[in-house]
There are 2 protein chains.
Amino acid sequence: MSRDRAYHHGDLRAALIAASFELLAEGGLRRFSVAAVARRLGVSSAAPYRHFPDRDHLLSAVSGAAATDLRAAILEAAVAAGPPAPDGPGATDPVAAGSAPAGPAAAAAADRLAAVAGAYFRYVVATGAGFHVIYAPELYAVADENRREQTRALMDTLLDLATATDVPSYRQAVPLVEAIIAVAHGYTSLFADGFFARGGPQAVETVAVRATEAARALIRAEHRP
Amino acid sequence: MSRDRAYHHGDLRAALIAASFELLAEGGLRRFSVAAVARRLGVSSAAPYRHFPDRDHLLSAVSGAAATDLRAAILEAAVAAGPPAPDGPGATDPVAAGSAPAGPAAAAAADRLAAVAGAYFRYVVATGAGFHVIYAPELYAVADENRREQTRALMDTLLDLATATDVPSYRQAVPLVEAIIAVAHGYTSLFADGFFARGGPQAVETVAVRATEAARALIRAEHRP
DNA sequence: GTCTATACTGCGATAGAC
DNA sequence: GTCTATCGCAGTATAGAC
């Protein structure tokens with residue numbers, strides 16, 4: 001997310017990615033184009049093709065960067081929502097040492113997972129780079145090792161946060177994560193389309209809180225079906 | 001949703017709308033264009049402009065038709081989920097005659113509202129015309145009375161279904177509807193982007209059920225905060 | 001009411017000069 | 001590594017023939 005504007009004889013590759021984020025934030029995927037990115041940086045429309053073979057490879061680099069940044073934002077929000085369990089979020093053992101199945105540790109884990117929805121909403125509203133960009137269908141054919149790693153790390157982080165709640169098995173963590181992402185992405189998408197326009201400038205925070213609360217409800221339901 | 005293919009010297013206007021739905025179902029908004037619609041119908045690229053002044057007016061007509069059809073699908077699903085209350089879904093009085101605040105009538109109303117999410121998911125997967133089309137930002141400037149009426153009727157129907165649950169006030173019905181729509185739209189959007197691809201051909205029904213269950217959890221949470 | 005033909009715009013991508 | 005110049009293509013929209 002560096003924004004140095006050192007385009008001429010600087011790191012044009014990084015500048016292209018940064019400018020792509022700006023474009024996505026302003027107009028969404030609809031208005032993203034190689035030509036528009038070049039125009040924004042004041043370089044010729046041919047310049048980007050020295051760094052990326054085609055449009056999809058540039059978008060893939062953006063996707064990888066978004067996955068990295070989004071994961072960081074999610075981890076930050078999770079930590080802010082409550083301290084992680086002593087054995088870390090990677091533990092898959094459902095029987096935590098000396099704690100009841102629905103004890104305070106599980107409640108804190110639920111808070112951290114719920115915070116994911118708010119973090120997702122805030123990040124995507126600010127950057128325009130949500131799962132529709134990170135997992136854009138046109139990127140399936142692009143070979144991009146960095147993107148593969150970062151999207152994998154992002155999903156692993158989400159699954160870890162879900163597993164840390166008292167969800168019985170790893171298998172149940174997957175649909176739980178999908179539900180959290182679905183509700184967060186739904187709020188984000190409706191917001192981007194102007195659905196909550198009447199809310200005024202502080203609408204972002206209002207909706208972010210609502211997304212978090214909705215996620216909490218989904219987590220609660222998963223544990224008491 | 002008639003599909004007569006009577007384009008030459010038939011009702012081209014209706015055929016354009018029907019063909020637009022096909023395009024949206026296949027490629028989403030991204031691939032929708034006046035030229036592609038004309039091509040699909042075997043008419044010249046100029047022909048649509050005798051019926052719609054520009055692209056946005058065609059899309060607005062599609063939006064209105066989608067709102068109409070989606071509302072019908074939602075009402076059908078709601079009725080299938082359980083019989084409506086005797087005084088109909090338009091009643092806003094929170095005190096139903098002779099029933100406890102969280103009685104069986106309220107539970108049935110919750111089932112009907114939850115069914116909205118499944119109906120939305122199924123409709124949009126089949127047609128590609130969800131809220132991102134119905135409320136597309138580029139339609140704000142289009143004067144289209146039919147669309148205005150149909151979107152209004154759609155929202156009224158959703159608010160009626162939400163109010164029929166034992167939600168304390170009409171004010172609380174609005175965020176509840178928004179939450180339902182958000183989760184339904186989130187599942188739909190992720191599905192369209194290939195997020196649940198591994199599910200096979202029956203994946204549509206699986207995800208539709210999950211969207212319905214998620215909606216039910218949100219409704220439950222709204223009543224017991 | 002639909003056709004052909006056309007003007008214009010914007011994007012993706014390449015060739016070759018510097 | 002970036003430039004200018006250019007090609008090809010797709011889409012929006014209009015003019016005028018039939």
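These figures come from a predicted structure and were not determined experimentally. Below, chains carry the letters A, B, ... as their sequence lines are ordered, and counting in each starts from 1. For the numbers below, each heavy atom of this structure counts, side chains included, while hydrogens, waters and symmetry mates do not.
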Are there any protein N/O atoms within less than 3.5 Å of an N/O atom in nucleotides 16-18 of chain C, and if so, which ones and at what distance?
none

Tabulate atom names and distances for all N/O pairs under 3.5 angstrom spanning the protein and nucleotides 6-11 of chain C.
unit_1: dC11(C); atom_1: OP2; unit_2: Arg39(A); atom_2: NH2; d: 2.4

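Protein atom CG of Leu16(B) is 13 Å distant from nucleotide atom P of dT12(D), rounded to whole Å. dG1(C) atom P lies 19 Å from atom OH of Tyr49(B), rounded to whole Å. As rounded to whole Å, 10 Å separates atom P of dG12(C) from atom CG of Asp54(A). In this structure, His51(B) atom NE2 and dT12(D) atom P are separated by 17 Å, rounded to whole Å. Rounded to whole angstrom, the span from the CZ atom of Phe52(A) across to the P atom of dT14(C) amounts to 15 Å.
The stretch residues 201-212 of chain B participates, sequence neighbours left out, in these salt bridge (Lys or Arg N to Asp or Glu O under 4.0 Å) pairs: Glu178(A)-Arg210(B), Arg122(B)-Glu205(B). Evaluation of the ring pair (Phe, Tyr, Trp, His ring centres under 6.0 Å) test over residues 35-61 of chain B, restricted to residues two or more places apart or in two chains, returns none.
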Identify every side-chain donor-acceptor pair in residues 148-155 of chain B under 3.5 Å, counting partners at least two apart or on other chains, and give the distances.
unit_1: Arg148(B); atom_1: NE; unit_2: Glu145(B); atom_2: OE2; d: 3.3
unit_1: Arg148(B); atom_1: NH2; unit_2: Glu145(B); atom_2: OE2; d: 3.4
unit_1: Gln150(B); atom_1: OE1; unit_2: Thr68(B); atom_2: OG1; d: 2.9
unit_1: Thr151(B); atom_1: OG1; unit_2: Arg147(B); atom_2: O; d: 2.9
unit_1: Thr151(B); atom_1: OG1; unit_2: Arg148(B); atom_2: O; d: 3.0

Result block: side-chain N/O donor-acceptor pairs under 3.5 angstrom for residues 27-39 of chain B, not counting sequence neighbours:
unit_1: Arg30(B); atom_1: NH1; unit_2: Leu29(A); atom_2: O; d: 3.3
unit_1: Ser33(B); atom_1: OG; unit_2: Ala36(B); atom_2: N; d: 3.0

Let me have the donor-acceptor pairs involving side chains of residues 131-143 of chain B, under 3.5 Å, with sequence neighbours excluded, atom names and distances please.
unit_1: Tyr140(B); atom_1: OH; unit_2: Gly194(A); atom_2: O; d: 3.3

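Less than 4.0 Å separates DNA chain C from no heavy atom of any residue of residues 132-143 of chain A.
For Glu26(B), the salt bridge (Lys or Arg N to Asp or Glu O under 4.0 Å) partners are Arg40(B), not counting sequence neighbours. Scanning for side chain to side chain contact (heavy atoms under 4.5 Å, CB included) contacts around Arg50(A) gives an empty result, with sequence neighbours left out. Residues satisfying the side chain to side chain contact (heavy atoms under 4.5 Å, CB included) criterion with Val79(A), sequence neighbours excluded, are absent altogether. Every residue two or more places apart in sequence or in another chain that forms a salt bridge (Lys or Arg N to Asp or Glu O under 4.0 Å) with Asp111(A) is listed here: Arg216(A).
Each of Ala46(B) and Asp56(A) lies near DNA chain C, and the nucleotide nearest Ala46(B) is the one positioned closer to the 5' end.
A side-chain donor-acceptor contact under 3.5 Å links Thr165(A) to the backbone of Ala162(A).
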*Checking side chain to side chain contact (heavy atoms under 4.5 Å, CB included) for the pair Leu190(A)/Ile181(B): CA distance, chi angles, key distance, verdict?*
CA-CA 9 Å; Leu190(A) 292 179; Ile181(B) 292 297; 3.6 Å; yes
